[in-house]
Amino acid sequence: MDGCPSTPLFTFGVIADIQYADLEDGFNYSRTRKRFYRSSLQLLKNAQRSWAESAVRPEFILQLGDIIDGFNKGHGASERALDTVLREFSVPAEVHHVWGNHEFYNFSRSALLRSRLNSSALHRDRDLSGDVYAYSFSPAPGFTFVVLDAYDVSLLGREPSSEQYGQAMDLIKLYNNNDDLNCPPVLEGLQRRFTMFNGGFGQEQLDWLHALLTASDDKRDRVTIFSHVPVHPGSTDPICLAWNYEELLAVIRAHSSVVCYMAGHSHDGGYCQDKDTGVHHVTIDGVIETPPDSDAFSTVSVYADRMVLKGEGRVEDRVFLFPS
């Protein structure tokens, strides 16, 4: 496009909510949307082929969570399904895996930390406690990417005796009195987010992010944050927002270095630009609800002043100008 150099500083691929299972097509929780469990694998193959054949191959892939579906657990197929999907990540590029609610339907937090879905091994920040899945990496000078753990405070993946589980139960019960905590407490509005399939960011993680962004401000880095759960009401249906999204937004808004926040979870995708900071909040459309004759992935080219997202299938093309 005009004013944009032909060669990006680096590129990366993005895909969200594959939710593969070796099952016939089904429906979402409310039975309003069709889910294509088997063909999600083919859509991942389509993405891999596109990235492999690209003139400029992506240097890394962001897999934004829910890589396999929770139904695998009931069929005793969690490990088999995960093996099947991970074999398809064939492009010779590092994959950064995010943990979503379906990871926790299939595996405990301790099991995930020991699994191939723990991509933090080379990037672990020693300032965080051992089981918070958050880390940062730098793909090029002047750029930092941050993985956040949106189920740090959660009823999923936490032992009922743990402090995080207790905090999560206390919080959700303030707003949701349903017997089934996956049922939203209200029909409309932001309070719909208080369901069991969402989670939140603990204070230690928020403090860690604040310190990291302070250092990035000083270095004048461009920071992209990614996690499974969206944190801006303008970028998603309220039912998919993080419980304490306001606290995470407050940390972002206190710093000049953040340029973009990427998430999955909301299968219809979404986008908004924060009016106070200019930060771009993008939610990537989910593979699981994408018909077999379409696609849902993107390739992002990064330049000195912008990121250019080239979407495939359901994912829209977008240009993210960096806030000045």
State, to 0.1 Å, how close S298 and I284 come at their nearest heavy-atom pair, and which atoms those are. OG-CD1, 4.3 Å
Non-neighbouring partners of F89 that pass ring-ring contact (aromatic ring centres under 6.0 Å, His included), sequence neighbours left out: H97
ring-ring contact (aromatic ring centres under 6.0 Å, His included) partners of Y165, counting only residues at least two apart: none
Expected output: side-chain D274 to main-chain G278 donor-acceptor under 3.5 Å: no
With sequence neighbours excluded, residues passing ring-ring contact (aromatic ring centres under 6.0 Å, His included) with H281: H232, Y261
Residue set satisfying ring-ring contact (aromatic ring centres under 6.0 Å, His included) with H75, at least two apart, ordered chain then number -> none
Is there a side-chain contact between L148 and L248, using heavy atoms and a 4.5 Å cut-off? yes
Taking all non-hydrogen atoms of both residues, which atom of H228 and which atom of A263 are closest, and how far apart? O-CB, 3.7 Å
With sequence neighbours excluded, tell me which residues meet side-chain hydrogen bond (donor to acceptor under 3.5 Å, both in side chains) with S119. Y133, Y135
Of all heavy-atom pairs linking P58 and G13, the shortest is CB-N, 3.7 Å
side-chain contact (heavy atoms from CB on, under 4.5 Å) partners of S50, counting only residues at least two apart: F297
Checking the side chain of N118 only, and the main-chain atoms of L113 only, is there a donor and an acceptor separated by less than 3.5 Å? yes
Using side-chain heavy atoms (C-beta onward) and a distance below 4.5 Å, is T144 in contact with R222? no
Could you work out, with side-chain contact (heavy atoms from CB on, under 4.5 Å) as the rule, every residue matching P184, not counting sequence neighbours? R192, T195, I239
Residues in side-chain contact (heavy atoms from CB on, under 4.5 Å) contact with Q164, at least two apart in sequence or another chain: D131, D152, R158, S162
Which hydrophobic side chains are connected to F71, either touching it within the sub-4.5 Å cutoff or through other members that do? L23, Y37, I288
Going by side-chain hydrogen bond (donor to acceptor under 3.5 Å, both in side chains), name the residues that satisfy it together with E159, two or more places apart in sequence or in a different chain. none
Grab the two heavy atoms, one from H102 and one from D69, that are nearest each other, plus how far apart they are. CE1-OD1, 3.4 Å
Side chains of Q203 and E247: closer than 4.5 Å at any heavy-atom pair? yes
Parallel, tilted or perpendicular: rings of Y151 and H265 (30°, 60°): perpendicular
Distance flag, aromatic centroids of Y105 and F197, threshold under 6.0 Å: no
Between R57 and E59, does any NZ, NE, NH1 or NH2 come within less than 4.0 Å of an OD or OE carboxylate oxygen? no
Using the side-chain hydrogen bond (donor to acceptor under 3.5 Å, both in side chains) rule, take D217 and S257 through it: C-alpha gap first, then chi angles, then the decisive distance, then the call. CA-CA 5 Å; D217 294 345; S257 49; 2.7 Å; yes
Sequence neighbours excluded, which residues qualify as salt bridge (Lys or Arg N to Asp or Glu O under 4.0 Å) partners of R38? D22, E24
Are side-chain heavy atoms of L41 and E88 found at a separation under 4.5 Å? yes
Would you name the heavy atoms of V258 and P323 that are closest together and state the gap between them? O-CG, 4.4 Å
If the condition is side-chain contact (heavy atoms from CB on, under 4.5 Å), which residues does P292 pass it with, not counting sequence neighbours? F36, S39
Which atom of S294 lies closest to which atom of L43, heavy atoms considered: O-CG, 3.8 Å
Less than 6.0 angstrom separating the ring centers of F137 and F60, yes or no? yes
Pick one: which of L321, T224, T11, V319 meets side chain to side chain contact (heavy atoms under 4.5 Å, CB included) with M307? T224
